Amino acid sequence: MRFAFTDDQLLFRDTVGELFAKECAPEAVRWSWNDVTGRNPELWAALAEMGVTGLTVPEAHGGMGMNEVDLLPILTEAGRYAFPGPIVETIAVAAPMLAESAPAAIAERWLPGIADGSVIATVALTGQPFVTDAHIADVLLAQRDDRIFAVPAENLRLTPQTSVDGARRLFVAEWDEADAELIASGDEGLRCADRAFNRGAAATAAVLIGLSEQMIATTVAYVSERKQFGVPIGSFQAVKHHLADAELKVSFSRPSVWNAAYSIAHNVPDVDRDVSMAKCFASDAAEVASRKALQCHGAIGYTTEHDLHFWLKRSWALAAAWGDAAWHRRRVAHLLLDQG
Amino acid sequence: MRFAFTDDQLLFRDTVGELFAKECAPEAVRWSWNDVTGRNPELWAALAEMGVTGLTVPEAHGGMGMNEVDLLPILTEAGRYAFPGPIVETIAVAAPMLAESAPAAIAERWLPGIADGSVIATVALTGQPFVTDAHIADVLLAQRDDRIFAVPAENLRLTPQTSVDGARRLFVAEWDEADAELIASGDEGLRCADRAFNRGAAATAAVLIGLSEQMIATTVAYVSERKQFGVPIGSFQAVKHHLADAELKVSFSRPSVWNAAYSIAHNVPDVDRDVSMAKCFASDAAEVASRKALQCHGAIGYTTEHDLHFWLKRSWALAAAWGDAAWHRRRVAHLLLDQG
Amino acid sequence: MDLNFTATEESFRAEARAWLEANVPHNLPSGDTREGFDLHVLWEKKLYDARWSAVSWPTEFGGRGSSLWEWLIFEEEYYRAGGPQRVTQNGIFLLAPTIFEFGTDEQKATFLPRMAAADDLWCQGWSEPDAGSDLAGIKSRATRDDAAGGWILNGQKTWTTRGAFCNWVFGLFRTDPDAARHSGMTYMMVPLDAPGVTVRGVERLDGDEGFAEVFLDDVFVSDDLVLGGVNEGWGVAMATTSSERGLTLRSPGRYCAAADRLVDLWKRQSKIGTADPSLRDAVAQSWMEAEAYRLATLADVSGLVEGKSSGARSSLTKIFWSELDVNLNETAVRLLGPAGELIEGSPDAIDDGAWMKAFEFSLSGPIYAGTNEIQRNVVAERVLGLPRK
Amino acid sequence: MDLNFTATEESFRAEARAWLEANVPHNLPSGDTREGFDLHVLWEKKLYDARWSAVSWPTEFGGRGSSLWEWLIFEEEYYRAGGPQRVTQNGIFLLAPTIFEFGTDEQKATFLPRMAAADDLWCQGWSEPDAGSDLAGIKSRATRDDAAGGWILNGQKTWTTRGAFCNWVFGLFRTDPDAARHSGMTYMMVPLDAPGVTVRGVERLDGDEGFAEVFLDDVFVSDDLVLGGVNEGWGVAMATTSSERGLTLRSPGRYCAAADRLVDLWKRQSKIGTADPSLRDAVAQSWMEAEAYRLATLADVSGLVEGKSSGARSSLTKIFWSELDVNLNETAVRLLGPAGELIEGSPDAIDDGAWMKAFEFSLSGPIYAGTNEIQRNVVAERVLGLPRK
């Protein structure tokens, strides 16, 4: 029993974190809101260079063949910096879908490109009407009933939607089956979709942990400086308890996210339950952290001139994406209560 | 439009409140826990003397012919003093049941006694397995399917139960229809039961308001005196906010209870919704007030030597009685959402 | 206790309803943008022309002399009809009650009719960079100019709602620099077109230019623009902030209408099978909270018409409406599922993103008009009597 | 990351499970009553005879020298088997870690084996009438008696759990009356049968005589009963209170077992059609909170075995387990509907009133071992680094 990361895993995470710190400062997020594509290909290339985009790609396809336990701490760093881009979709979801379920030719068509950064993939499972980053994707992995397809980008008809998070780019994507490659169908298709959903939910939970940690850190810094009534507002017990509440939520969500990573990587029997618990807790924690962060910032946090809103809005969007807390709590309830 | 009590109503309430203050001090509640019957006939007689037991009895049967708007503020006083006895059952529920639904002979058998204090009545509607105060009751008004009966006490077989609130006396009551007087049946029986249930729920909500107000008042007094770290603990912001939260809950529950009283008295079309809202809010408020009161008292509140626990335990019992907050919230949801 | 309105009140309601149904504009752009603001002002002028802009004011100032009950009825009908936000709000609902209480006859005659007619548009200038929750910390100062018969203002105000679009601001200025924190301040009304005033718009969380910073650089204000006594501004301001927390700023009609729309949203989402069953209780709870606010207001107004002030209990009111507003809109956004994050203009946004916008706006409620932390202190200390320390 | 136990650990689990299944007594009366306490002591002696009373201690003191992982496994199995409360808890889980850290070899040899064997039964004496959350406010004093080689104690301790049934108490006494608040205190172990000691039982919320007041009137305590240095008691006590907040007092096995019983209760109530559908989410939430506590503990222990202390984060742990315990038991009581208020001995009480009793007990969690308000201050100041003021 060892519920901890290896030194290598932590080093990898920290190295990627340093890249984000340098290349994905708040000004970069602000740029993403205002730019037409909102995506920085050089930063994606740098991630590829480090091996991040190929982290989950099998070695046979030019990747590192690692798993969720290696990946999720890196996604938490992506959350900490509110990184704009399809890191969850391409690396956490699409690559393993292709590696696990796609016929060899299809896998070979896309996976080496994911590994070297030249291919960006995004995902649309049943129940996900809005596809992220379809405007820069090379391929969409999409579910239609019990069938999973790879749809090359040139065959997609996109309608842009507008998210409250200006750095998130959402689309409705239409396509014809004739223009798509079948990856899996029947029970295998559903299994592929289930595993993809679990991966997306757990990966998003990891991002939410990073967002939450950063909102708490930013707020701690602000309330330690900001003075009212002659003292830092962080010395008021009400402010202390707001932030302690947020820290409590995040502290007891984090282990459940690492456990979900392990359960997916090792395909343990309770993987659905573990993933849903992780997403439920991480979504709830992000809601609490974002609420407390805004309240403790006061009016300054309520402007777009301040950076806080990038984290708030990403938190709202991701808390709801891949199933919100209520949806996942219901799945856990079903698994616990409706049998035996 | 005037959503306020008359001076006469307030005077009546205050007069009864003064009686409770004198005759139902905490030592009287403590006595009730330890006494065999736990009921003080002299205090009941004093209530009868004042007209309280006959408040809802029609004048033709020797009562005052008043309604819920007159009665509920008095029940809030009963809650404030944690009065032990079947004041809700006899006055708020049984008397109106008999007055509205019973054949003249049955009404005449019991109502004058309720008015003059010589008859105590209790109630068992469907879904209420435990009958309060059956040990001192003269008559039980009981529902069986769509029929409502008056069962004289001598025909009841009682099994005592033990409540966490030692001043509450609960029983399982068994009886044979042959030994009971039919009050109403069919649609009329169900209507009688519905109105009785609404009356019990609203009356209990009024009691909960009094319990909550008293828990807040007691706690304010305690934290203003008790010192730690060299200052009254009531000067700490966390303690202030605990009590402000409780006050907030009670302040916005109280009007809904008065509204329920009005809706019952005037049989407005939305009476079910209004009553359920009142009980839902009052139950929630009492849970919050009891939680905050205990937390702010600390260990001293966690002993039976201190009086606080009388209020805590009554609150827990009554928050659950006559439908708990969740049950009534569901009824409101049904009324709002399942039509149209 | 009598929960019926009189026949006169009911006919007032009928008149208001008929007029609003015929005239309320729909789909106005946000009043917190330049373009939207101008359209809202046109609507305000229309309201005024039909004497609905300030129903409770005496007719001489542009109102109808309506009772508080009729005012409540009008508010119910206004929001039930889907009436747009009131960009005159800070004047009519906050400054005006203060003018009625503290203003001279001349001030009333000068300012109130122009306010009712939306000829003057008012914003408030309470907060400063170092005076938010700690309102007594304001530093903007007014220096006496006896010769000119007035004051020279210097300093900065911030978080001034719609400041970039209004032509007047009211607020506190320090007139006696040596006085203790709560003393030595004076309540003044300042024309934003006066020389020395600079206004900079600030974008709000939802992207609207809803805030402004107001910089004052040797701005002259004549004596007739002082409201209440010199150095007595704190007491005058408390009257305004009490209006801000209580009845006049946030009538229950607004929340009851929102709760009804939430119920309608639930039914629509149910019909297409996407209503989250876990949210059923939350929808009912939000509806009940709006109704509880309505009932509490009926009780308050019943007291007010008999001369009983609710005093510090207005802090309870402010906490309650601000938190119910957050709960209600959060529930709605959750009900929308994946579409919850879509905003105005997004093709698949339900109700054109109005719920997310309302949710964002609701989050300011626990912050402005005195944070809810401060309000809870006030409740503890002034309603319950806990020691201040 | 490897979430499997080793073969050795699994065989330890199997041995524990088999022994517990064969030996755990059921339906013991509460250990917080005189009669129940004696029966619990018999059970503790049986545990000791099979060397299960303190598995993580070295064998020389009566343990098995088990690893922290094995200790966790034993706790899981103990509560899964329905093992009764541990009346030796304040000795084995709170005092013993302090003796291991600060005690002399002689103290270890004297006290630990008797503690493991339940020959000595320990209670703690932290709180005093004026020193609750403010532990540094204690006034009980120890006066030096050089001639006799010890100290003369005077004062009063309160909220001493099971104090009326134990024969030893440990706590802090002021040995230097002139020192600052946190200094000048010494940690002492006091025999309750010493002359000058009076113990008065106090009835707890649930009716059990679970508390005691301990009055000390010129009680002599010899030097070998001082734990750690004279005047260094605060630091020694902090080690004990840290155990109290964290791992050793409240192992996750206890909450996971309770959560499993809650799930079972839901299924039973469902079967008879009385499970409140609104509580379904709450049952799942409670189960997840217990599981989250288990996972957080696995992470903590993974750090501990590599020498990383969790430090002030133990305050987060204390808040979490105390609040999850309240939520869990409150959910259970609500699930019982009208039977929720029935207690032990009531004919129709479900599970003989155990849920209400557990709910009542859970309410003490946010109070004892440092109120959760104090713990939140600690989290804010020492985990997050907010200014103390």
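Values below: every heavy atom of this structure, side chains too, minus hydrogens, waters and symmetry copies. Throughout, a chain's letter reflects where its sequence line sits, starting with A, and its residues are numbered from 1. What you see is a predicted model, and the numbers here were worked out from it, not measured in a lab.
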Trainee: Find the distance between CE (D:Met1) and OG1 (A:Thr6) and round it off to the nearest 0.5 Å.
Mentor: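 Taking CE in D:Met1 and OG1 in A:Thr6, the distance rounds to 9.0 Å.
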Trainee: Evaluate whether atom CG of A:Asp7 has more than 12 neighbouring non-hydrogen atoms of other residues, nucleotides or ligands under 6.0 angstrom away.
Mentor: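 No - once you tally the heavy atoms of other residues, nucleotides and ligands closer than 6.0 Å, there are 12 at most.
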Trainee: Just verifying a value: how many Å separate A:Thr219 OG1 and D:Leu384 CG, rounded to the nearest 0.5 Å?
Mentor: 10.0 Å
Trainee: Checking D:Glu291 against chain A: side chain, backbone, both or neither under 4.5 Å from a heavy atom?
Mentor: both
Trainee: Tell me every residue that passes side-chain hydrogen bond (donor to acceptor under 3.5 Å, both in side chains) with D:Thr274, counting only those two or more places apart in sequence or in another chain.
Mentor: D:Gln269
Trainee: Does the plane of the ring in A:Phe252 sit parallel, tilted or perpendicular to the ring in D:Tyr293? Use 30° and 60° as the thresholds.
Mentor: tilted
Trainee: Heavy atoms only, distances under 4.5 angstrom: which of A:Asn259, A:Val332, A:Val69 has the most pairs with chain D? Name it, please.
Mentor: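 Ranked by contacts with chain D, first place is A:Asn259.
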Trainee: Between atom CG of A:Leu248 and atom NZ of D:Lys318, what is the distance when rounded to the nearest 0.5 Å?
Mentor: 12.0 Å
Trainee: Specify the closest pair of heavy atoms between A:Ser224 and D:Gly385, including all atoms of both residues, with the distance to one decimal.
Mentor: OG-O, 4.5 Å
Trainee: Checking heavy atoms, do the side chain of A:Leu335, its backbone, both or neither come under 4.5 Å from chain D?
Mentor: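 Contact with chain D involves no heavy atom of A:Leu335 at all.
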Trainee: Excluding sequence neighbours, so at least two apart, what forms ring pair (Phe, Tyr, Trp, His ring centres under 6.0 Å) with D:Trp69?
Mentor: none
Trainee: Search all heavy atoms of A:Lys240 against all heavy atoms of D:Ala380 and return the closest pair with its distance.
Mentor: CB-CB, 3.5 Å
Trainee: Among the options D:Arg280, D:Glu323, D:Glu306, pick out the one with the most heavy-atom pairs lying under 4.5 Å from chain A.
Mentor: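 The answer is D:Arg280.
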Trainee: Minimum heavy-atom separation for A:Arg329 and D:Asp281, please, with both atom names.
Mentor: CD-O, 3.6 Å
Trainee: Between D:Glu381 and chain A, with a heavy-atom cut-off of 4.5 Å, which part of the residue counts as in contact: side chain, backbone, both or neither?
Mentor: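 Only the side chain of D:Glu381 comes within 4.5 Å of chain A.
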Trainee: What's the verdict on salt bridge (charged side-chain N to carboxylate O under 4.0 Å, His left out) for A:Glu247 and D:Arg313, showing C-alpha distance, side-chain angles and the deciding distance?
Mentor: CA-CA 10 Å; A:Glu247 178 66 24; D:Arg313 298 190 75 85; 3.2 Å; yes
Trainee: Report, as yes or no, whether the 6.0 Å neighbourhood of atom CD on D:Glu10 holds more than 12 heavy atoms from other residues, nucleotides or ligands.
Mentor: yes
Trainee: Considering heavy atoms only, which positions within residues 278-292 of chain A lie below 4.5 Å of chain D?
Mentor: A:Cys280, A:Phe281
Trainee: Which pair of heavy atoms, one from A:Gln237 and one from D:Glu373, lies closest together, and at what distance?
Mentor: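 Closest heavy-atom pair between A:Gln237 and D:Glu373: NE2-O, 4.4 Å.
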Trainee: Side-chain contact, heavy-atom cut-off 4.5 Å: A:Leu336 with D:Val283?
Mentor: no
Trainee: In Å and rounded to the nearest 0.5 Å, what is the NE2 to CG distance from A:His266 to D:Leu3?
Mentor: 7.5 Å
Trainee: Could you tell me if the side chain of D:Leu295 sits less than 4.5 Å from the side chain of A:Met277, heavy atoms only?
Mentor: yes
Trainee: Please identify, among D:Leu386, D:Thr6, D:Val383, the residue contributing the most non-hydrogen atom pairs under 4.5 Å to chain A.
Mentor: D:Leu386
Trainee: Where on D:Val305 is there a heavy atom nearer than 4.5 Å to chain A: the side chain, the backbone, both, or neither?
Mentor: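 No part of it gets close to chain A.
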Trainee: Would you list the pairs meeting salt bridge (charged side-chain N to carboxylate O under 4.0 Å, His left out) in which at least one residue belongs to residues 250-260 of chain A, sequence neighbours left out?
Mentor: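 For residues 250-260 of chain A: A:Glu213-A:Arg254.
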Trainee: Taking the side chain as every heavy atom from C-beta outward, state whether D:Asp2 and A:Tyr262 have any atom pair closer than 4.5 Å.
Mentor: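 D:Asp2 vs A:Tyr262: side chains touch.
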Trainee: With chain D, which of A:Val268, A:Asp274, A:Ile216, A:Asp245 has the greatest number of heavy-atom pairs at distances under 4.5 Å?
Mentor: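 That would be A:Asp245.
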Trainee: Over all heavy atoms of both residues, which pair between D:Leu316 and A:Ser251 is shortest? Give the atoms and the distance, please.
Mentor: CD1-OG, 3.5 Å
Trainee: Does any backbone or side-chain atom of A:Val220 lie under 4.5 Å from a heavy atom of chain D? Answer side chain, backbone, both or neither.
Mentor: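 Both parts, heavy atoms under 4.5 Å.
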Trainee: Check each atom of A:His334 against the heavy atoms of chain D and say whether the ones under 4.5 Å are side chain, backbone, both or neither.
Mentor: both
Trainee: Kindly determine whether D:Asn377 and A:His241 satisfy side chain to side chain contact (heavy atoms under 4.5 Å, CB included), including the steps that lead there.
Mentor: CA-CA 7 Å; D:Asn377 289 353; A:His241 286 201; 2.9 Å; yes
